[in-house]
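Below: the structure, in structure tokens.
A, B, ... follow the sequence lines: proteins, then strands. Residue 1 opens every chain.
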Protein chains: 2
Amino acid sequence: MDDAGPMRRRGRRKMQAVTMSEVAAAADVSASTVSLYFRRPKSVSPPAREAIARAVAELGYVPNLVAGGLAAASSRVVSLIVPSVRNAFFAETVSALEAALAPHGLQVLLGHTEYDLAREEALVRTALAWAPAAVVLTGLEHSPDTRALLKKARVPVVEMWERGAPPVDMGVGFDHGAVGATVARRLMARGRRRLAFCGARMQEDRRAAQRASGFAAAARAEGIEAAILNHPGPADPQAGALLLDRALRELPDVDGIAASNDLVAMGALFEAQRRSLPVPDRLALVGFGDLPFAAACVPPLTTIRPAGDLVGREVARLVLARMRGEPVLERAVDTGFVLVERVSG
Amino acid sequence: MDDAGPMRRRGRRKMQAVTMSEVAAAADVSASTVSLYFRRPKSVSPPAREAIARAVAELGYVPNLVAGGLAAASSRVVSLIVPSVRNAFFAETVSALEAALAPHGLQVLLGHTEYDLAREEALVRTALAWAPAAVVLTGLEHSPDTRALLKKARVPVVEMWERGAPPVDMGVGFDHGAVGATVARRLMARGRRRLAFCGARMQEDRRAAQRASGFAAAARAEGIEAAILNHPGPADPQAGALLLDRALRELPDVDGIAASNDLVAMGALFEAQRRSLPVPDRLALVGFGDLPFAAACVPPLTTIRPAGDLVGREVARLVLARMRGEPVLERAVDTGFVLVERVSG
DNA sequence: TCGCATCATCACAGCGCTACGATCGGGGAC
DNA sequence: GTCCCCGATCGTAGCGCTGTGATGATGCGA
């Protein structure tokens, strides 16, 4: 019998080839020093630093962030939850946030709610299971359980793209009601009196609904009763064409239209063109988003630019400040928006 | 002296309130059984299952995926690396992939290369530090170190959105050269003989360059020397306007144009409109992408639909098959593309 | 010369979970 | 009645790293 020892080595899959202690051995220092080298390089003496750097390069060592996250009780991940990245606004924010976080060694864990609060709750639950450095979500409306989950977890939370109600923790966004009001006043200032707001999927997209209410309220302030039209399907040019058709039937002399989105505005613009309604003379049209094609349209689209990338950068700033332990005084940052005055309205 | 024990408890931050062993205690089973309950519920007897479910609900237990990932030597994360989600094609793929993966408890860790191979390498390095269930990246071109890193790590790798060279592991995409050829043949079949390909950022966007070469090759096969024009800036409508201007100056009788992207095509379309060049009679125009506005343009844009969501779903299928240990025979899946015949070209 | 900071380095006990292998009963098969 | 197999359950040793406190080594003023 060659029963070599008292206990057989238990079979266990190894995670990786090179570990920190192997690097330590190669560099002739302890594992703690290697760990320190990665976390606070300045606390390691230059000779040791050099030896470790050499060993890392030679062995091709890649630190295991999963183990690190477990030991440190917090992982270098920021969980980002948006309705959908197919929406250009959120794509811009995701991109800007990732770009701002990457230099600090933070990764983005992405989830899509598709405007479903139950799905959001499930996403928050799994997000928290990663012990993330921060959780970033869209909007201020969440299920009660989601709020409870977020409050219980002692993690920085940023709610973005909306402003109004107090955030769970921090907020970055702008006032969608003010956007609607700005558009209404723009149209009225140009002499429009028969106003309509054409939105898509407003039963789900609460921010679009806020723009609609802000629009109607500003109109009412000048004694105008604006129509609000909603298309239940996706916010695309087809919806815009359909909505213009409806607007023209319900309000034949409509002369000013706000669209919930540039794609919708574009659809309305083309539909007007097909019907030979001159834009902006007969019908003024204002969009939302300032998407890449807005300036190129004929006529160029007047629209609202929401600074989606600024939202991403501000979120990153707050998250990083919190991680560094700096006090964050501003509970809610207003990123504002700009009325881009072009020709259509 | 109330030195209670021989060794003081070392100060250490706890990661979470409720752990698996607390659930086990509450359900009156061992921690192993609770773990089994989450991983293979059917292997746990119904009474135990019920007791555990109750304890989980009562305590509000959320499993710690970081600890799980460390113990299992693999985390339930798929690392996804794309040039940019601001690009609608990739946004669609990211969205479809996330949707297909989420029901299986897999999260998406997102990174943007911005078309930079060095940045891609850094992203792959951090991605691997998460011991991901799979790594998904864009295109077949990578730095030698990136390829080495991916090969050494025993992880499923999927390269997407391109087809041609053999993939590191698995591939999902379509032939961009064939796209270019299809567009060229379409234009020639409609009697066009003066052809140009208008692309943007082709020094970086290798797939756009492949479409251009395929276009030129198919034209040459019929004795036509197509012009290839490149705009170094981003692929937006402004680039399209600029490129049409250049095309008209370099090739005054140009009658057929392929654009590297629907946004570029749209810019060219509007520019043609401004110059009163009838589309498609004087100038036929074909885009790429079938973005939401393509059908709404006036005239509706003939374009290529690349099935970005199918790419995402197929990637998910391969990743899941690999994780289940099923043999994946197809090294490279062709998702194809469709010529959407509308009016512009 | 001694005492006391200061700095670099180290040892080690976990972080919470999974996977292996062992244990324990309760049926069939013979 | 005995044996064996199989399903359910459990005990335990890590997974690779970090953070704390301890240990030397060094410098400096008194």
Side-chain angles (χ1 to χ4, degrees), chain A residues 5-25 27-52 56 59 61-76 105 128-131, chain B residues 5-25 27-52 56 59 61-76 105 128-131:
Chain A
M7 46 185 64
R8 249 171 317 143
R9 179 79 170 71
R10 306 283 224 73
R12 214 154 207 292
R13 214 174 343 178
K14 284 238 321 178
M15 199 172 206
Q16 66 198 91
V18 184
T19 67
M20 191 174 267
S21 55
E22 294 178 65
V23 172
D28 203 30
V29 295
S30 77
S32 302
T33 306
V34 178
S35 174
L36 205 58
Y37 165 82
F38 281 108
R39 288 176 296 125
R40 301 201 320 260
K42 275 167 288 180
S43 305
V44 176
S45 69
R49 200 149 45 186
E50 219 171 293
I52 293 170
V56 166
L59 300 174
Y61 171 67
V62 177
N64 185 328
L65 295 176
V66 181
L70 179 61
S74 155
S75 66
R76 296 191 71 70
L128 292 176
W130 280 101
Chain B
M7 46 185 65
R8 249 172 317 143
R9 180 81 170 69
R10 306 285 223 74
R12 216 153 207 294
R13 213 173 346 177
K14 283 238 324 181
M15 198 170 204
Q16 66 197 92
V18 185
T19 67
M20 191 174 266
S21 54
E22 293 178 67
V23 173
D28 203 31
V29 295
S30 77
S32 304
T33 307
V34 178
S35 174
L36 205 58
Y37 164 81
F38 282 109
R39 289 176 294 124
R40 302 201 318 261
K42 275 167 289 181
S43 305
V44 177
S45 69
R49 200 148 46 184
E50 220 171 292
I52 294 170
V56 166
L59 300 173
Y61 170 67
V62 177
N64 184 328
L65 295 175
V66 181
L70 180 60
S74 157
S75 66
R76 297 191 69 72
L128 292 176
W130 280 101

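Heavy atoms of A/A48 sit under 4.0 angstrom from primed sugar atoms or phosphate atoms, though from no base atom. Within 4.0 Å of A/S32, counting heavy atoms only, lies at least one base atom of the nucleic acid. Residue contacts shown for A/L65 are absent, as no nucleic acid heavy atom lies under 4.0 Å away. Among the protein residues, A/V66 comes within range of no part of the nucleic acid, since none of its heavy atoms lies under 4.0 Å from any strand.
Within the 4.5 Å cutoff, no side-chain heavy atoms of B/P47 are placed close to those of B/E50.
Between the CG atom of B/N64 and the P atom of C/dT18 there is a distance of 9 Å, rounded to whole Å. The CZ atom of B/R76 sits 15 Å away from the P atom of C/dC17 (whole-angstrom rounding). Counting to the nearest Å, the P atom of C/dG16 and the CG atom of A/L128 are 15 Å from each other. When the C1' atom of D/dC10 is taken as reference, atom CG of B/L36 falls 11 Å away, rounded to whole Å. If you measure from atom CG of B/D28 to atom P of D/dC10, you get 8 Å, rounded to the nearest angstrom. A/M20 has its CE atom 14 Å from the C1' atom of D/dC15, to the nearest Å.
Atom OG1 of residue A/T19 and atom OH of residue A/Y61 lie 7.0 Å apart, to the nearest 0.5 angstrom. Atom OG1 of residue B/T33 and atom CZ of residue B/R49 lie 12.5 Å apart, to the nearest 0.5 angstrom.
If you run side-chain contact (heavy atoms from CB on, under 4.5 Å) between A/F38 and each of A/V56, A/V23, A/V44, only A/V56 comes through.
The heavy-atom pair separating B/I52 from B/Y37 by the smallest distance is CG2-CD2, 3.5 Å. Between B/S21 and B/A31, the closest heavy-atom pair is CA-CB, 4.4 Å. In terms of heavy atoms, A/A129 sits closest to B/P63 at CB-O, 3.1 Å. Between A/W130 and B/S75, the closest heavy-atom pair is CH2-CB, 3.6 Å. Across all non-hydrogen atoms, the minimal contact from A/A67 to B/L70 is CB-CD1, 3.6 Å.
The side chain of B/S30 has D/dG11 as its nearest neighbour among C/dC17, D/dG11, D/dC17. Checking C/dC15, D/dC15, C/dC10 against every side-chain atom of A/T33, the shortest atom distance belongs to C/dC10. For A/L70, counting side-chain heavy atoms from C-beta on, the closest listed nucleotide (C/dC17, C/dG16, C/dA19) is C/dG16.
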Close N/O contacts between protein and nucleotides 25-28 of chain D (under 3.5 Å):
none

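Comparing the end axes of the helix from C/dT1-D/dA30 to C/dC30-D/dG1, each fitted to five base pairs by superposing C1' atoms of four pairs onto the next four, gives an inter-axis angle of 40° (nearest 10 degrees).
In this model, no donor atom of one side chain and acceptor atom of the other lie less than 3.5 Å apart for B/S32 and B/S35.
Dashed line: the shortest gap from a side-chain N or O of B/S35 to OP1 or OP2 of C/dC17 is not under 4.0 Å.
Across residues 37-46 of chain A, A/R39 each have a non-hydrogen atom less than 4.0 Å from an atom of DNA chain D (numbered order).
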